[in-house]
Engineer: 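There's a structure below that I have some questions on.
Keep in mind that this is a model prediction, so the values were computed, not measured.
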Amino acid sequence: MRFLRALGIFFVVATPTANAQSIAQKADASIRRVFGEKCEMKKETIMIDNVVAAHVAARSGEAVHDKAIIHEAVLDGKVIGYGIVDDVRGKAQPITYVTLFRPDGKIAEIEVLIYREPYGGEIQYESFRRQFRGKQASSPLRVGADIENIAGATISSKAITHGAKKIAVLFDELRKAGKL
């Protein structure tokens, strides 16, 4: 089984390549790698109201669903980081990735959890992913502006960049709405 995820909404699709548990395990591993092995993991489903959804669409150009699953990294009772798993459309297949945030809303890391396309996998490389660190909702987050394209991975580069912008804006809007 594989879970295709559109911002917190999971759709079950039969496939031998990945399942929901492996996506969750990979997301947790990414969160622990960035925020520390000792952090406690919590997950919270947050409902996204029409106002937040409209602001995200207006600011990012991307639509969101009515709920999101927020992963929290907690250490000594304090949230030290957040993660949101999302899918974006590559050339023909979804790309599942996690965007990790520091409490101040800056991106700590983006990690590709499952890449299904035959080409363009270079977006998984550190040299591409590090461009997102420190970016936030107010950053352009556009290929050709503050994110460099990867030759041979143009579609994947743009997909992940658009997705990161959407998730950064969603994170910002949820904070402003007092939901984080």
Side-chain angles (χ1 to χ4, degrees), residues 1-13 15-48 64-65 67-88 90 93-117 120-137 139 141 147 150 156-157 159-175 179-180:
M1 293 287 233
R2 174 178 76 205
F3 277 47
L4 293 181
R5 191 176 152 333
L7 212 48
I9 308 281
F10 285 92
F11 301 96
V12 181
V13 179
T15 179
T17 59
N19 62 41
Q21 186 175 3
S22 70
I23 291 171
Q25 288 171 339
K26 287 179 180 184
D28 285 352
S30 294
I31 292 166
R32 288 184 193 284
R33 193 169 26 262
V34 171
F35 297 113
E37 293 295 323
K38 293 183 180 183
C39 66
E40 178 187 348
M41 304 300 299
K42 293 185 178 181
K43 292 180 189 146
E44 180 180 358
T45 299
I46 295 179
M47 301 310 294
I48 300 170
V64 293
H65 292 279
K67 61 183 168 181
I69 297 173
I70 307 297
H71 301 254
E72 296 179 340
V74 179
L75 186 62
D76 298 327
K78 181 179 176 187
V79 177
I80 59 170
Y82 298 88
I84 301 175
V85 177
D86 189 30
D87 277 337
V88 291
Q93 299 290 321
I95 302 166
T96 304
Y97 69 104
V98 62
T99 305
L100 305 176
F101 294 93
R102 301 203 182 287
D104 65 1
K106 291 183 180 175
I107 295 175
E109 185 67 80
I110 286 187
E111 290 199 20
V112 176
L113 302 177
I114 302 175
Y115 191 81
R116 299 170 181 90
E117 299 283 358
E122 295 87 352
I123 64 166
Q124 299 173 85
Y125 295 170
E126 168 71 15
S127 58
F128 178 73
R129 294 182 300 108
R130 77 170 156 241
Q131 298 180 86
F132 294 90
R133 293 182 193 142
K135 305 287 190 213
Q136 55 194 351
S139 302
L141 281 166
I147 303 296
I150 297 176
S156 298
S157 297
I160 286 291
T161 303
H162 290 158
K165 178 67 173 185
K166 172 182 68 178
I167 298 301
V169 170
L170 174 64
F171 186 82
D172 186 55
E173 290 293 334
L174 290 173
R175 285 178 54 217
K179 296 186 177 197
L180 292 178

Engineer: Give, for atom NZ of Lys165 and atom CD1 of Ile160, the distance between the pair rounded to the nearest 0.5 Å.
Structural biologist: 16.0 Å

Engineer: Provide the closest heavy-atom pair for Glu37 versus Arg32 in the form atom of the first, atom of the second, distance.
Structural biologist: O-NH1, 3.4 Å

Engineer: Would you say the side chain of Asp28 lies within less than 4.5 Å of the side chain of Lys43, judging by non-hydrogen atoms?
Structural biologist: yes

Engineer: Would you call Lys78-Glu40 a salt bridge at under 4.0 Å N-O?
Structural biologist: no

Engineer: Does some side-chain heavy atom of Ile70 sit less than 4.5 Å from a side-chain heavy atom of Thr45?
Structural biologist: no

Engineer: Under a 4.5 Å cut-off applied to non-hydrogen side-chain atoms, are Arg133 and Glu109 in contact?
Structural biologist: yes

Engineer: Please report the closest heavy-atom contact between Ala159 and Val88, naming both atoms and the distance.
Structural biologist: O-CG1, 3.5 Å

Engineer: Nearest heavy-atom pair of Leu75 and Lys38: which atoms, and what distance?
Structural biologist: CD1-O, 3.9 Å

Engineer: At what distance, to the nearest 0.5 angstrom, does CZ of Arg130 lie from CD1 of Ile107?
Structural biologist: 15.5 Å

Engineer: Roughly how far, to the nearest 0.5 Å, is the OG1 atom of Thr99 from the NZ atom of Lys135?
Structural biologist: 14.0 Å

Engineer: Flag the pair Glu111 / Arg129 as yes when at least one side-chain heavy-atom distance between them is below 4.5 Å, and no otherwise.
Structural biologist: yes

Engineer: So which atom in Gly83 and which in Leu100 form the shortest heavy-atom distance, rounded to 0.1 Å?
Structural biologist: CA-CD2, 3.7 Å

Engineer: If you count the non-hydrogen atoms of other residues, nucleotides and ligands that lie under 6.0 Å from NZ in Lys179, is the total more than 12?
Structural biologist: yes

Engineer: Is the number of heavy atoms from other residues, nucleotides or ligands under 6.0 Å of Asp104 CG greater than 12?
Structural biologist: yes

Engineer: So if I apply the side-chain contact (heavy atoms from CB on, under 4.5 Å) rule between Tyr97 and each of Ile114, Ile167, Asp87, which one comes out positive?
Structural biologist: Ile167

Engineer: So, Phe101 versus Phe171, ring centres under 6.0 angstrom or not?
Structural biologist: yes

Engineer: Which pair of non-hydrogen atoms, one from Cys39 and one from Ala73, has the smallest distance, and what is that distance?
Structural biologist: SG-CB, 3.9 Å

Engineer: Side chains of Leu113 and Ser30, heavy atoms from C-beta outward: is any pair under 4.5 Å?
Structural biologist: yes

Engineer: Rounded to the nearest 0.5 Å, what's the gap from NE2 on His65 to NZ on Lys67? Could you check?
Structural biologist: 11.0 Å

Engineer: Should Thr161 and Phe132 count as side-chain neighbours, where that means a heavy-atom distance under 4.5 Å?
Structural biologist: yes

Engineer: Between Val74 and Ile80, is any pair of side-chain heavy atoms under 4.5 Å apart?
Structural biologist: no

Engineer: Rounded at 0.5 Å granularity, tell me how far NE2 in His71 sits from CD1 in Ile69.
Structural biologist: 6.0 Å

Engineer: What distance do Ser156 atom OG and Ile150 atom CD1 have between them, rounded to the nearest 0.5 Å?
Structural biologist: 8.5 Å

Engineer: Which pair of heavy atoms, one from Phe128 and one from Ile147, lies closest together, and at what distance?
Structural biologist: CE1-CG2, 3.9 Å

Engineer: Taking atom types as modelled, is there a side-chain donor on Tyr115 or Thr96 under 3.5 Å from an acceptor on the other?
Structural biologist: no

Engineer: Under a 4.5 Å cut-off applied to non-hydrogen side-chain atoms, are Ile23 and Val85 in contact?
Structural biologist: yes

